[in-house]
Amino acid sequence: MNRLTPTAYTLRLPAKIKSGKKPLLSDMEEEIYRRFDDARKKGKRVQECDIQRIALQVSKERGIKDFKATRSWLYRYQERHSIVQRSPTHAGKKFSMTEEDIEKEAQFPDMVEEIVTLNNTPPSRMINFDETSGKLQNSHKKTLSPKGVKDVTVIDPNAPQENFTDNKKTGKLSESILEKLDIPENVVVFSTTSGWWLSSLDIQWIEFTFDEKEKGSYLFRDHAPAHLSHESQALLEKKGTEQTFIPKGLTGKYQPLDVGVNYPFKCYLNKSYHEWRDKCTEITKKGYLKKPSRQEFLYFVSEAWSKIKTSTVEKPFGRRQYLA
């Protein structure tokens, strides 16, 4: 992880405003740039929405009415001050479908139609499950930076990965720790020593979620190892729930949560985290940003999920024919 050094970043106001229409509020723009530059010197990631938010704050402080930080203003502002997006490169994995995969993809819509139409399954019995990680750091791949700066250095929380996992020596959260947490009504907490969705965690979730008295449900999931365990399959059968696996490599097409729910949820989660990060800039003794506590992260999740509308969940189910 990169560490910020005294010489890694220096304040650089543009030497010359580019040609074009001169901004009417040049003093205000300089103040916006100074705040942007101050955030970058502290190693914070700055996004376009952050520039807009800073601009609105400055205009309000100066009593400037009728100012709107529109996309067109933002574009011109970045052009005038030579601010560009910078990002690292990542190598992605390629997925090649086999003949068996192609055959399963062709059969899957018919299988769903049979469950919905022929079995007359009500929407409340159509269940989709998916795991998704909550970003603790680097929730944005890029940061705004003055053009020409060689070292784009940021300070992040000290964590081996970019996901919110608790891999301390204490391991699994004890009952005493859970009792101290203020768990919101729209959040359920399970814990594991590794931070991965293991078979033991899957069993806990099934026991908590499904009632033997309400049989006739269908659970659509991907091929994660924990989902394939004999223990999970046996428990689901006992609960009267049939597990149907989405074809490999096609969860982005046939898994409703992937199609239309995870993205807006993560956007809201990132927003909650960044709003908290703007207020919490405390540095640890080793020079890293202080992490959010377990309690604060629970609030992030609760706030993000409360913003997900019922229609947001219904639409991807309808588009993939999970609803009649």
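Here the structure is a predicted model, which means the values were calculated and not measured.
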Student: Distance from His274 atom NE2 to Arg277 atom CZ, nearest 0.5 Å?
Tutor: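 One finds 9.0 Å between NE2 of His274 and CZ of Arg277.
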Student: Let me confirm one number: the CD-OG distance from Glu237 to Ser232, rounded to the nearest 0.5 Å.
Tutor: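 The OG atom of Ser232 is 11.0 Å from CD of Glu237, to the nearest 0.5 Å.
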Student: Is the distance between the ring centroids of Trp73 and Phe67 less than 6.0 Å?
Tutor: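 Yes; Phe67 has its ring centre under 6.0 Å from that of Trp73.
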Student: Please confirm whether Tyr268 and Phe265 have ring centers closer than 6.0 angstrom.
Tutor: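 No, they do not, as the ring centres are separated by 6.0 Å or more.
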Student: Do Glu314 and Lys309 sit within salt-bridge range, that is, some charged N less than 4.0 Å from a carboxylate O?
Tutor: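 Looking at Glu314 and Lys309, the cut-off is not met.
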Student: Could you walk me through whether Asp130 and Asp258 pass the side chain to side chain contact (heavy atoms under 4.5 Å, CB included) test, one step at a time?
Tutor: CA-CA 8 Å; Asp130 187 27; Asp258 263 352; 3.1 Å; yes
Student: Between Glu105 and Pro109, what is the shortest heavy-atom contact and its length?
Tutor: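 For Glu105 and Pro109, the tightest heavy-atom pair comes out as O-CD, 3.0 Å.
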Student: What I want to find out is whether Asp50 reaches Lys44 closely enough, with some N-O distance under 4.0 Å, to be called a salt bridge.
Tutor: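 No salt bridge links Asp50 with Lys44.
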Student: Where do Phe190 and Gln204 come nearest, in terms of heavy atoms and distance?
Tutor: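 Here Phe190 and Gln204 meet closest at CD2-OE1, 3.7 Å.
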Student: Whether the side chain of Ser302 engages the backbone of Leu298 through a donor-acceptor N/O pair (distance < 3.5 Å, no angle test) should be reported.
Tutor: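 It does not hold such a pair.
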Student: For Glu31, give me all partners under side chain to side chain donor-acceptor pair (under 3.5 Å), at least two apart in sequence or on another chain.
Tutor: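 Result, side chain to side chain donor-acceptor pair (under 3.5 Å) vs Glu31: Arg35.
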Student: Are Trp276 and Phe297 near enough that their ring centres are under 6.0 Å apart?
Tutor: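 Distance test on ring centres: not under 6.0 Å, no.
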Student: Restricting to side chain to side chain donor-acceptor pair (under 3.5 Å), what partner residues turn up for Glu275, sequence neighbours left out?
Tutor: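 So Glu275 forms no side chain to side chain donor-acceptor pair (under 3.5 Å) with any residue.
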Student: Is the Phe108 to Tyr254 ring centre distance short of 6.0 Å?
Tutor: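 Ring centres of Tyr254 and Phe108 closer than 6.0 Å.
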Student: Compute the ring centroids of Phe245 and Phe220, then answer whether they are less than 6.0 Å apart.
Tutor: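 Judged by ring-centre distance (under 6.0 Å), Phe245 and Phe220 do not meet the cut-off.
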Student: How long is the gap from CG on Asp37 to NE2 on His81, to the nearest 0.5 Å?
Tutor: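 If we round to the nearest 0.5 Å, Asp37:CG and His81:NE2 are 12.0 Å apart.
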